[in-house]
Structures are given as C-alpha cells and as structure tokens.
Colleague: 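Here it is, the structure in full.
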Amino acid sequence: MCKSSKKYFVFLILTLVLSIPFYVWGALFPVEGLPFGLPISFLMIFVPFLLSLIFAWKENGIKEISLMFKSILDIKDAKRWSVIFCIFCMPLVAALSYLTMKLFTFPLPTETIILHKEIPLMVILYFLGAIPEEFGWTYTLTEPLFKSYGSIKSGIIIGITWASWHIVPWGWAHPSWWIFGMCVLNILMRIAMVDAYIYGGKSLFTGLIFHTMINVSMGIFPNNGSHMNTWFFSAWMLILLLSLRYFIRRKIKTLVLGQN
C-alpha cells in the first residue's frame, strides 16, 4: 500500500464500519412506504458524505469544502463524450439486457410495466441521492487512488467497497446469485466511472449523472427492477467498458500524435 494512499483506505474502511448502525436499523426497525421501495438503510449515504467533508476540511479548510459543493454542477469541465457516455451507458445496458433476456426466454413479467411518468421524479431524487455518495467515491477517492494504482485497480478498490457496502441491504430482497452478479456489476461500473472522470475532464457532474442513471435504469427495468438479471447487466457493462477504454486509448494516441 502506498503511503500517500493509506488515508484513503482509512476512508473506505470507516465507510463500511460507520454504516453498521444503519444496517441494524434497517434489519430491526424497517420503514415501509419510502420512495421507490428504498430501505431505511439508504440513510447510510451520509457516511461517505460526512467523511468527505472531514477530508476536504483537513485538505484546505472551508475553501476545499466550498469547491466540492461547486463541483456538483461543473458540467463545463466535462468533455462532451464523457457526458454522453454517463447519460446513456446504463440505459443502454438495461435495454440490451432486456432484449437478451427476451431472446433467450429468461423469466420476464407477462405484463411489462415501465414507470414512464415517474422518470422525472426518479432523476431528481436519484441525482440528489448520488451527491453524498459521489462526494466520497468520486471527488475524494478517485484521483488519489488513480495516481497510485491506475484506473482499473482504483476502480476495483472503490468498486469492491461500494459493492460490499450494499450487500446487507441487497440480502434483504435478493438471492445470492443476484447479489454476486451485482457485486461484479458494481466493480465494472466503477472502473467505467473512474475512466470517464479522469479522462473526461475530472467533472464530478459526470459521476453524479452516471450514478443517477444506474438507479433510474434499474428502477424502470420491468417491473420496477423485479426481473433484473445482474449477470446480463454485467456482461453488457463489460462490453461497453471495453469499448470506452478502446475509445480513450484512441483519443490519447491521437493527442500524442498531434503533439508530435
């Protein structure tokens, strides 16, 4: 472990440990009727939020915290391809997964219900919900870990923590095969988010949009995500991730040749 990255591993460990009370709350005192069927443990999103505030304060006081909040809408820093990728990646993964499941006759609802009217509300709520998380995963952790380990390893490190953080709530509603596939998907998505952030202008907004579209895409998958197959999602996410990395390599090669 690099000395410079040690404190960021502390961030990851503290995120898992400090979230335990929310797992206990969700298990012993579940709250029903929350938007889109969210468990009460979703409040653990404020753990990485508070940790990111502490890290920002230690970095450069109120100036760093102010910069972090300003980064929420830093779309002007993002490259166009990064914004396009972050908007359409997960809807495309969901659509291709659905078509694949239909082609190979995997279980799907006899009556497909897609919550079109709820999509605008989903976008707003999930975008707001992404902010506390991505303050941690993207703003605080991505660039330092990338500098130490590169995009794939840093994506795996953050992705494993991100997935592990959700395993307990997933276990309340899903079988083990679904959870295992979702862990793989989280790692692949996080590698893509690291690439889009690092090479796409280092815009927090792109991370927020990608995160938002994860939840929206899963929420509108028939029926309210009830028939989502995480392994098909993972397979298509891998294909799009490889395509993204090929595109980035070509862009970098073009820039290098242009400078020469």
Side-chain angles (χ1 to χ4, degrees), residues 67-100 119-120 122-124 126-131 133-159 162 184-221 232-260:
L67 181 62
M68 186 167 67
F69 278 95
K70 288 178 180 178
S71 297
I72 293 171
L73 297 175
D74 62 354
I75 188 172
K76 64 182 184 302
D77 296 330
K79 295 179 181 178
R80 184 179 301 175
W81 66 261
S82 179
V83 176
I84 293 172
F85 177 81
C86 290
I87 291 174
F88 293 105
C89 177
M90 288 314 297
L92 186 56
V93 166
L96 291 170
S97 298
Y98 176 79
L99 292 174
T100 306
I119 291 177
M122 281 185 178
V123 171
I124 294 171
Y126 286 138
F127 182 87
L128 293 175
I131 293 171
E133 282 196 56
E134 295 308 324
F135 271 178
W137 310 134
T138 296
Y139 188 90
T140 304
L141 297 172
T142 294
E143 188 170 6
L145 291 179
F146 171 82
K147 288 179 178 178
S148 296
Y149 302 103
S151 59
I152 293 179
K153 287 184 180 179
S154 59
I156 291 172
I157 291 167
I158 300 172
W162 192 28
V184 173
L185 179 60
N186 271 41
I187 293 169
L188 294 172
M189 291 189 299
R190 185 51 61 176
I191 295 172
M193 293 173 77
V194 170
D195 280 339
Y197 178 77
I198 294 295
Y199 299 106
K202 297 181 182 178
S203 164
L204 176 63
F205 181 79
T206 57
L208 296 175
I209 287 296
F210 194 106
H211 196 135
T212 300
M213 297 313 296
I214 292 171
N215 291 321
V216 171
S217 300
M218 294 179 182
I220 64 175
F221 194 87
F232 281 114
F233 268 66
S234 295
W236 283 112
M237 184 64 238
L238 176 60
I239 292 171
L240 290 185
L241 172 59
L242 292 174
S243 301
L244 172 65
R245 293 185 63 79
Y246 175 77
F247 170 80
I248 289 172
R249 284 198 298 271
R250 290 293 300 269
K251 293 283 287 186
I252 292 173
K253 186 176 181 180
T254 301
L255 286 172
V256 170
L257 291 174
Q259 290 173 356
N260 293 335

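Throughout, numbering of the chain's residues begins at 1 and tracks the sequence.
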Colleague: If the threshold is 4.0 Å, N to carboxylate O, is there a salt bridge linking Glu134 and Arg190?
Modeller: yes
Colleague: Kindly compute the distance separating OH (Tyr149) from OG (Ser154), expressed to the nearest 0.5 Å.
Modeller: 10.0 Å
Colleague: Please round to the nearest 0.5 Å and tell me the distance separating atom OG1 of Thr206 and atom NZ of Lys79.
Modeller: 11.5 Å
Colleague: Any chance you could measure Trp137, atom CH2, to Leu204, atom CG, to the nearest 0.5 Å?
Modeller: 14.0 Å
Colleague: Would you please test Phe221 and Phe233 for ring pair (Phe, Tyr, Trp, His ring centres under 6.0 Å) and show each step?
Modeller: CA-CA 11 Å; Phe221 194 87; Phe233 268 66; 5.4 Å; yes
Colleague: For Arg249, what residues pass the salt bridge (charged side-chain N to carboxylate O under 4.0 Å, His left out) criterion, not counting sequence neighbours?
Modeller: none
Colleague: Over all heavy atoms of both residues, which pair between Met213 and Pro91 is shortest? Give the atoms and the distance, please.
Modeller: CE-CG, 3.5 Å
Colleague: CD1 of Ile198 to OG1 of Thr142: how many Å apart, nearest 0.5 Å?
Modeller: 6.5 Å
Colleague: Looking only at heavy atoms, what is the nearest atom pair of Gly200 and Trp81, with distance?
Modeller: CA-CZ2, 3.7 Å
Colleague: Closer than 4.0 angstrom, basic N to acidic O: yes or no for Lys202 and Asp77?
Modeller: no
Colleague: Sort out for me which residue in Trp162, Tyr197, Phe205 forms a ring pair (Phe, Tyr, Trp, His ring centres under 6.0 Å) with His211.
Modeller: Trp162
Colleague: What's the separation between atom CG in Asp195 and atom OG in Ser82, rounded to the nearest 0.5 Å?
Modeller: 10.0 Å
Colleague: So, taking the atom named OG in Ser234 and the one named CE in Met189, what distance separates them when rounded to the nearest 0.5 Å?
Modeller: 8.0 Å
Colleague: Could you list the residues that satisfy side-chain contact (heavy atoms from CB on, under 4.5 Å) with Ile131, not counting sequence neighbours?
Modeller: Ile72, Phe127, Leu128, Phe135, Leu208
